[in-house]
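Following: one structure in structure tokens, then a few remarks.
Throughout, a chain's letter reflects where its sequence line sits, starting with A, and its residues are numbered from 1.
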There are 2 protein chains.
Amino acid sequence: MTSQATIDKRLTGLDEILDKSAQLMARLGYHGTSMRDLAGVTGRSLSGLYHYFSDKEELLFLINQRGFTSLLAMANDLLGQNMTPAARLARLIENHVSYFIDHLSEMRIMTSGGMEMNDERSRILRELKQEYTNLARKIVGDYMRTESGTDYADNILSRKTFLLYGMMNWIFGWYSAEEHGTAQQVSEDIFRTFTKGCCATE
Amino acid sequence: MTSQATIDKRLTGLDEILDKSAQLMARLGYHGTSMRDLAGVTGRSLSGLYHYFSDKEELLFLINQRGFTSLLAMANDLLGQNMTPAARLARLIENHVSYFIDHLSEMRIMTSGGMEMNDERSRILRELKQEYTNLARKIVGDYMRTESGTDYADNILSRKTFLLYGMMNWIFGWYSAEEHGTAQQVSEDIFRTFTKGCCATE
DNA sequence: TAATTATCCGAACGACCGTTCGTTAATTTA
DNA sequence: TAAATTAACGAACGGTCGTTCGGATAATTA
């Protein structure tokens with residue numbers, strides 16, 4: 001059972017369009033990709049695309065919404081399961097990295113962020129990102145409290161969580177499967193580095 | 001004595017143009033920023049801009065070249081100085097983070113990468129980045145060998161270096177001075193996290 | 001089968017794009 | 001001061017942009 005609900009039921013060819021559009025936009029950038037380019041890669045006519053979204057900006061919004069909703073659902077599942085804080089952190093990293101590597105193009109768009117949008121759309125995305133960030137900070141905080149026996153200030157936890165996300169989100173700039181291993185190997189390396197430092201061999 | 005030489009001597013109003021252009025491009029993206037926008041923020045006429053560069057793409061190139069040349073010069077200085085591997089790593093991080101925070105807009109453009117360019121231009125940038133990456137991997141490698149007494153494979157060192165750069169380069173997404181402290185504080189946090197793990201209190 | 005709805009299209013719209021041109025001030029050089 | 005170079009400009013260019021419109025076809029429903 002996946003999320004299945006974006007905002008309404010139009011999903012026939014939308015997913016295919018979002019995938020192919022994300023691939024092109026990840027290379028050329030949002031403004032660098034024209035509606036005519038998108039018509040080309042999706043095998044549709046220029047005007048035909050407007051059946052699936054009302055304007056180009058909504059396409060960008062939908063790509064972001066779909067991705068963050070998936071990430072959020074995975075993180076939420078994690079909080080419901082019974083496991084140690086360390087195991088939960090490891091799983092958070094593994095989920096994020098695996099999703100990242102499986103959806104490099106979308107993630108590149110999602111992490112490029114800062115694109116201006118319709119107020120309503122950017123509000124929705126901001127809330128999704130905020131919620132995901134809050135869950136992550138909670139998981140990181142639980143781990144650090146358990147591990148060290150002390151409480152950390154909010155801004156410290158916030159900074160640490162950003163450092164972790166930096167390691168994970170920078171993947172799009174360098175990752176290649178044959179050179180850097182599987183998602184599992186990368187995830188383990190990030191977990192080990194974040195929790196024990198770069199020289200830890202476990 | 002800084003670098004001072006980019007590729008030739010035209011520097012009169014160029015630096016000002018590069019600064020202001022980078023600020024706008026960091027918000028709107030390269031393709032999202034028009035030459036007319038740039039004429040506006042630089043207080044010049046549209047056609048007058050072409051006195052400083054031959055086309056829009058060269059502007060992007062110059063912003064990148066200037067930034068990477070500065071970063072590279074700092075890293076090169078570091079290798080010439082006599083210090084422990086740990087201290088050198090700490091200084092590499094401090095230099096990078098300080099430069100990042102002082103030039104958030106340029107760094108945002110530089111790290112957004114992947115923009116297609118003229119072959120010659122992209123070759124020059126690729127080599128600059130490569131050289132900087134090599135220096136960083138060397139510094140990280142020296143630290144890890146000294147600290148652990150063992151040698152690490154190249155792909156391991158490469159991955160670790162990318163994780164470090166992830167922590168540093170993700171700054172543009174979250175950093176605010178009043179909430180996350182000075183460049184020094186952020187640098188120390190990154191150094192400590194990378195070398196000892198997130199719970200290290202020094 | 002008839003009516004309705006979803007899907008798709010070619011052609012065109014005005015706006016904006018990066019770039020070029022011819023020219024003129026301002027500054028530097030001889 | 002005269003000549004030469006640098007810095008700046010308005011106007012216009014062909015082209016591409018996102019979007020719209022009226023109509024066609026395919027799929028679903030009654």
Side-chain angles (χ1 to χ4, degrees), chain A residues 4-64 109 112 115-122, chain B residues 5-64 109 115-122:
Chain A
Q4 189 264 339
T6 43
I7 197 158
D8 59 67
K9 57 272 171 221
R10 52 180 169 177
L11 283 176
T12 326
L14 221 199
D15 274 333
E16 182 209 358
I17 291 176
L18 294 187
D19 284 342
K20 293 181 173 171
S21 299
Q23 279 182 39
L24 200 58
M25 282 189 178
R27 287 207 305 113
L28 308 177
Y30 171 69
H31 289 293
T33 309
S34 72
M35 290 296 297
R36 286 164 182 82
D37 292 336
L38 297 178
V41 292
T42 58
R44 283 169 169 85
S45 72
L46 174 59
S47 50
L49 283 177
Y50 285 85
H51 178 69
Y52 293 93
F53 41 86
S54 61
D55 48 42
K56 191 186 177 190
E57 195 198 85
E58 188 181 27
L59 173 65
L60 181 62
F61 167 77
L62 289 172
I63 292 172
N64 275 274
I109 293 172
S112 75
M115 212 60 82
E116 40 270 329
M117 279 190 194
N118 174 348
D119 283 351
E120 168 76 351
R121 289 172 184 160
S122 62
Chain B
T6 43
I7 198 160
D8 59 67
K9 57 274 170 216
R10 52 176 171 180
L11 283 176
T12 326
L14 222 200
D15 274 333
E16 183 208 359
I17 292 176
L18 294 188
D19 285 343
K20 292 180 173 171
S21 298
Q23 279 183 39
L24 199 58
M25 281 189 179
R27 286 206 303 114
L28 308 178
Y30 171 69
H31 290 292
T33 309
S34 72
M35 289 297 296
R36 287 163 181 82
D37 291 335
L38 297 177
V41 292
T42 58
R44 283 168 171 85
S45 72
L46 174 58
S47 51
L49 283 178
Y50 285 84
H51 178 69
Y52 293 92
F53 41 86
S54 61
D55 48 40
K56 190 186 177 189
E57 194 199 85
E58 189 182 25
L59 173 66
L60 180 63
F61 167 77
L62 290 172
I63 292 172
N64 276 273
I109 293 172
M115 213 60 83
E116 41 272 329
M117 278 191 195
N118 173 350
D119 282 351
E120 168 77 351
R121 288 173 185 160
S122 63

Shorter than 3.5 Å, N or O on both sides, protein versus nucleotides 24-28 of chain C: list them out with atom names.
none

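For the pair F53(B) CZ and dA7(D) P, the interatomic distance rounds to 14 Å; values are reported in whole Å. For the pair E16(A) CD and dT7(C) P, the computed distance is 13 Å after rounding to whole Å. Rounded to whole Å, atom P of dT16(D) lies 15 Å from atom NZ of K56(A). Atom pair R44(A):CZ and dT19(D):P shows a separation of 18 Å (rounding to whole Å applied). Atom P of nucleotide dT7(C) and atom CG of L49(A) are separated by 13 Å, given to the nearest angstrom. As rounded to whole Å, 15 Å separates atom P of dT20(D) from atom NE2 of H51(A). The CD-P distance, from E57(B) to dG18(C), rounds to 13 Å in whole Å.
The CG atom of L59(B) sits 7.5 Å away from the OH atom of Y30(B) when rounded to the nearest 0.5 Å. Atom CG of L38(B) sits about 7.0 Å away from atom NZ of K56(B), to the nearest 0.5 Å. Atom-to-atom distance recorded for L24(B):CG and I109(B):CD1 is 9.0 Å, nearest 0.5 angstrom. Summarising the geometry, atom OG1 belonging to T42(B) is positioned 11.0 Å from atom CG belonging to L14(B); distances are rounded to the nearest 0.5 Å.
Residue contacts for L46(B): at a heavy-atom cut-off of 4.0 Å it reaches a base atom on one of the strands shown.
Contacts of residues 28-39 of chain A with DNA chain D (heavy atom under 4.0 Å): T33(A), S34(A), M35(A), R36(A).
By the salt bridge (charged side-chain N to carboxylate O under 4.0 Å, His left out) test, E57(A) pairs with R121(A), sequence neighbours left out.
Looking at the side chain of S47(A), the nearest of the listed nucleotides dC21(C), dC9(C), dT7(C) is dC9(C). Nearest to the side chain of Y50(A), among dT20(C), dT7(C), dT20(D), sits dT20(D).
Considering all non-hydrogen atoms of both residues, S45(A) and A39(A) come closest at C-CB, 3.8 Å. Between L60(A) and N64(A), the closest heavy-atom pair is O-ND2, 2.9 Å. Between V41(B) and K20(B), the shortest heavy-atom distance links the atoms O-CD, 3.3 Å. Closest non-hydrogen pair, D37(A) versus G32(A), comes out as OD2-O, 4.0 Å.
Donor-acceptor pairing under 3.5 Å, judged by distance alone, is absent between the side chain of S45(B) and the base of dG10(D).
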